[in-house]
Amino acid sequence: METKNLFAAIIGRPNVGKSTLLNTLLGEKISIVSSKPQTTRTKITGILTKGETQYVFIDTPGIHKPRTKLGDYMMEKAGEAAGEVDIILFLVEAGDKIGPTERELMKKFTVMRVPALLIVNKTDKSNAREIGDTILRFSEVYDFAAVVPISAKNGENTDIIIDEISKFAQEGPHFFPDDMITDQPERQICAELVREKLLTCLDKEIPHGTAVEVTKFSERDDGIIDLEVTIYCEKDSHKGIII
């Protein structure tokens, strides 16, 4: 049996559901999710092997106009991912308008000559007219290889994404073991899960400058993981809030 591979970048503005989509496609949580924009800071690779084809998904930081060094770094990572793949999953939300950043990005798709799918997310919160208008707006700017309306949260139509991108798979080896779902070390996933809880539980008090480092990681015989982490924050005044 000839093996195939495909690399796909998931790109879109902050908080559009990129990480939720990645987790849904894999059937397991490897990328943290929160209602805060720009939760994802760097590229996260998810791996799905189905039959002879291995799909490698890259979850990127949300595209936006950066205002900080962290923002510059995140945009750089998103741009790198777009230039390294066989296809782009351009994720938008039903009802979205086209801003300057999206328009510039679609121009880059043409320059890079990388095919792109338009994925219209959060259809469970929208009506048919709103979804149709969104598809029309974006399709007038760029000739997408396919358009797939989905609900990443509910898993609706996400199987169609696999069907569509499989057409672009290349003959070649699997670059990861077939049972592997991410290249992220367990320590890193655990650190990100702690950061996700900070974003969720502390709501508005804690800025995105918070970072988490795992200083001790051990697994018991029964599978329970013991962690010790260091939480970094930008201001001394934030320490008391976190504690």
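Numbers here simply count residues along the sequence, with the first being 1. Just so you know, these numbers use all the heavy atoms, side chains as well, and skip hydrogens, waters and symmetry mates.
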Result of checking Leu26, Val56, Ile181, Asp178 against Leu48 for side chain to side chain contact (heavy atoms under 4.5 Å, CB included): Leu26

Do NZ/NE/NH1/NH2 and the carboxylate oxygens of Lys167 and Glu164 come within less than 4.0 Å?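 Yes.
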
Does atom CG of Asp143 have more than 12 heavy-atom neighbours from other groups under 6.0 Å away? no

Beyond-backbone contact of [X] with [Y], side-chain heavy atoms, under 4.5 angstrom:
X	Y	result
Asn121	Glu93	no
Asp133	Arg137	yes
Leu21	Ile150	yes
Ser151	Asn157	no
Thr110	Met106	no

Distance in Å, [X] [atom1] paired with [Y] [atom2], rounded so as to fall on 0.5 Å steps:
X	Y	atom1	atom2	value
Ile161	Leu91	CD1	CG	7.5 Å
Phe7	Thr45	CZ	OG1	8.5 Å
Thr20	Asp59	OG1	CG	9.0 Å

Which atom pair, heavy atoms only, marks the closest approach of Leu6 to Ala169?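 Closest heavy-atom pair between Leu6 and Ala169: CD1-N, 3.4 Å.
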
Taking the ring of Tyr142 and the ring of Phe90, is the distance between their centroids below 6.0 Å? no

Say whether Asp96 and Thr134, considering side chains only, have a donor N or O and an acceptor N or O under 3.5 Å apart.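 No donor-acceptor contact under 3.5 Å links the two side chains.
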
